[in-house]
Amino acid sequence: MRSGETVRGLLSREREGGRVEVRGWVRTARHSKGVSFLEVSDGSCFAGLQVVAAPELANFEAVRGVKTGCAIVAGGELVRSQGKGQSFEVQADAIEIVGEVEDDYPLQKKRHSFEFLRTIAHLRPRTNTIGAVLRVRSAAAHAIHEFFQERGFLLLHSPIITASDAEGAGELFRVTTLDPSEPPRTEDGSVDSTRDFFGREAFLTVSGQLEAEIAASAFTDVYTFGPTFRAENSNTSRHLAEFWMVEPEMAFCDLEGDMDVAEAFLKHVFAAVLERCPDDMAFFAQRIDKTAIETLQHIVDTPFERVAYTEAVEILERSGRSFEFPVEWGLDFQSEHERFLAEEHYERPVVVTDYPASIKAFYMYANDDGKTVRAMDVLVPKVGELIGGSQREHRLDVLERRMAEAELDTDPYWWYLDLRRYGSTPHAGFGLGFERLVQFMTGMANIRDVIPFPRVPGAAEF
RNA sequence: UCCCCGGUAGCUCAGCUGGCAGAGCAAGCGGCUGUUAACCGCUGGGUCGUAGGUUCGAGUCCUACCCGGGGAGCCA
């Protein structure tokens, strides 16, 4: 049952001829008295393969009952198509109806709203749009591993369950095996976490960065690519409670090296997807976002601009534009500011560096000016920030001072501080939300439609 | 969490200043010899999100709640 060729393979053949077998699900069926056309998709590519059934088939009457959603295996000669719209088709000599479809199959041969498709997440991968999204997602994931592996980065499997709260920010999901109705309690009445599964409080990870820093202190260049979790009650088209993050970390590396890698990384992933998913990208350009392909190609072809935060503030102030939110040194950029810089001022991706320390995390390397840190954000046209990264503070005394200023309890970070005691090196890394990357590549408006099974506040179906 | 918009057939929607519940697609049945989201004909299909209220009469007006979408904040 596994010997068949994919639709992708059959359609990419040089020439017709030979008996082939195609297996998949019927996208649309057109029946007339003397001939039936079944368009079969197996998910291997955007296009389906047309199967032509004639009355000579032993089960022609049954084939006439095949409709959208049926699973079939069709064998026959691969021939040049007489009709328009496809190069090859299969002139069937046998069609096995493997899985029938009940009358209430919800997918139709027409456009559905994405809201509706989310309610049938078990069937929506069979649609044009979600199918193309998930192929692009897979190709992008492959390209990400390819980029780092080719450069000798070690893949680190950072833990999903952690006891530390990276950055001290973001709401955490609690991991516990205690009975919520009757947890063990200490003498003062609070929940006794020492009797929980791990003997302490535990949470789902919000970032693999700190663990990646551990690994970079042994393997030099490492990356993580895994799920992360945020229990924020934010209900937007750009947030998920469960999402995937890419986080490289490099020892003996400063912010300039970090930016070099980030730029090469984005160019590699976009170029790979454009090359390997041309039909899917053409569909996005046609139906979702007209500029989808040219936007990615532009980023591949264009060197990124680099500008310090302080200079970027001056550019915004001199622009003469009236922004909804104020521009002032010390304030973080709003989306409108980021988009102005990337879309209108530079008309290309721009990396903004050296942000005020007050708006960035405690672990970022402090500049000598006493005001800024070695942080960088990659801003791209249309969406703004795509990557956020920094050179890390590797000087123990400075790091301890910053943690004190941030009023962080240093006890849970004893191992993180140890790294600064034993062979500390300048190092840097960045983070990228994988779903936002897929959103950017495809032009999909809602992040819930670029992950197979979205988890958001109030919804974890499927 | 805050602001705005919405919820009518399986899906996408129309339904006017309150007065008999509608269309297209899908489904079922029939027709059609090369279709391209095929086409043509017929048929079935409704707790108008939920609960109250106003009214002779509510899909329509009012209140609360639930769900969905867009935006904001926060972020990736």
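All chains are named by letter (A, B, ...) in the order of the sequence lines, taking the proteins before the strands, and each is independently numbered beginning at 1.
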I need the [atom1]-[atom2] distance between [X] and [N], as an integer number of Å.
{"X": "A:Asp449", "N": "B:rG69", "atom1": "CG", "atom2": "C1'", "value": "12 Å"}
{"X": "A:Lys109", "N": "B:rA38", "atom1": "NZ", "atom2": "C1'", "value": "8 Å"}
{"X": "A:Met441", "N": "B:rA76", "atom1": "CE", "atom2": "C1'", "value": "15 Å"}
{"X": "A:Gln91", "N": "B:rU35", "atom1": "CD", "atom2": "C1'", "value": "13 Å"}

If you check the [X] side chain, which of [options] turns out closest?
{"X": "A:Gln50", "options": "B:rA76, B:rU35, B:rA27", "answer": "B:rU35"}
{"X": "A:Asp103", "options": "B:rG28, B:rG69, B:rC75", "answer": "B:rG28"}
{"X": "A:Val52", "options": "B:rG69, B:rC74, B:rG34", "answer": "B:rG34"}
{"X": "A:Gln86", "options": "B:rC11, B:rU35, B:rC75", "answer": "B:rU35"}
{"X": "A:Arg64", "options": "B:rG73, B:rA38, B:rC32", "answer": "B:rC32"}
{"X": "A:Gln82", "options": "B:rG34, B:rC32, B:rG73", "answer": "B:rG34"}
{"X": "A:His239", "options": "B:rA38, B:rA72, B:rC74", "answer": "B:rC74"}
{"X": "A:Phe116", "options": "B:rA76, B:rC11, B:rU36", "answer": "B:rC11"}
{"X": "A:Ser32", "options": "B:rG68, B:rG34, B:rU1", "answer": "B:rG34"}
{"X": "A:Met245", "options": "B:rA76, B:rU35, B:rG69", "answer": "B:rA76"}

Check the side chains of [Y] and [X] for a donor-acceptor pair under 3.5 angstrom, ignoring hydrogens and angles.
{"X": "A:Thr372", "Y": "A:Asn367", "answer": "yes"}
{"X": "A:Gln439", "Y": "A:Glu435", "answer": "no"}
{"X": "A:Ser390", "Y": "A:Arg392", "answer": "yes"}
{"X": "A:Tyr223", "Y": "A:Gln149", "answer": "yes"}

Write down the distance separating the [atom1] atoms in [N] and [M], rounded off to the nearest Å.
{"N": "B:rU35", "M": "B:rC42", "atom1": "C1'", "answer": "23 Å"}
{"N": "B:rC25", "M": "B:rG45", "atom1": "C1'", "answer": "14 Å"}
{"N": "B:rG18", "M": "B:rG69", "atom1": "C1'", "answer": "28 Å"}
{"N": "B:rC11", "M": "B:rG7", "atom1": "C1'", "answer": "15 Å"}
{"N": "B:rA26", "M": "B:rC39", "atom1": "P", "answer": "7 Å"}
{"N": "B:rU60", "M": "B:rA14", "atom1": "C1'", "answer": "13 Å"}
{"N": "B:rA9", "M": "B:rC5", "atom1": "C1'", "answer": "24 Å"}

Indicate, yes or no, whether a donor-acceptor pair under 3.5 Å links the base of [N] to the side chain of [X].
{"X": "A:Gln334", "N": "B:rG73", "result": "no"}
{"X": "A:Glu115", "N": "B:rG69", "result": "no"}
{"X": "A:Arg238", "N": "B:rC74", "result": "no"}
{"X": "A:His31", "N": "B:rC32", "result": "no"}
{"X": "A:Gln108", "N": "B:rU12", "result": "no"}
{"X": "A:His112", "N": "B:rC11", "result": "no"}

What heavy-atom pair brings A:Leu386 and A:Leu432 nearest, and what distance separates the two atoms?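 Closest pair (atom of A:Leu386, atom of A:Leu432, distance): O-CD1, 3.4 Å.
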Indicate, with a heavy-atom threshold strictly under 4.0 Å, whether [X] touches base, sugar-phosphate, or nothing.
{"X": "A:Thr228", "value": "nothing"}
{"X": "A:Lys67", "value": "sugar-phosphate"}
{"X": "A:Asn235", "value": "base"}
{"X": "A:Gly85", "value": "nothing"}

Could you state the interatomic distance from CD1 (A:Ile161) to CG (A:Leu204), rounded to the nearest 0.5 Å?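 Separation between the atoms: 7.0 Å.
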CG of A:Leu49 to CZ of A:Arg27: how many Å apart, nearest 0.5 Å?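 So the gap between those two atoms works out to 13.0 Å.
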I want to check one thing: is the phosphate of B:rG69, taken as OP1 and OP2, less than 4.0 Å away from some side-chain N or O of A:Arg448?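 It does, given that an N or O in the side chain of A:Arg448 lies less than 4.0 Å from OP1 or OP2 of B:rG69.
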Should A:Thr236 be listed as having a side-chain N or O under 4.0 Å from OP1 or OP2 of B:rG73?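 Result: no.
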Take a 6.0 Å sphere around CZ of A:Arg8 and say whether it holds more than 12 heavy atoms from other residues, nucleotides or ligands.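 12 or below, so no.
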Pairing check on [N]: which nucleotide meets the Watson-Crick or G-U wobble criteria with it, both distances under 3.5 Å?
{"N": "B:rG18", "value": "none"}
{"N": "B:rA72", "value": "B:rU1"}
{"N": "B:rA23", "value": "B:rU12"}
{"N": "B:rC48", "value": "none"}
{"N": "B:rC32", "value": "none"}
{"N": "B:rC61", "value": "B:rG53"}
{"N": "B:rG6", "value": "B:rC67"}

Stacking of A:Phe243 on B:rA76 base (centres under 5.5 Å, planes under 30°):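 Answer is yes, a stack.
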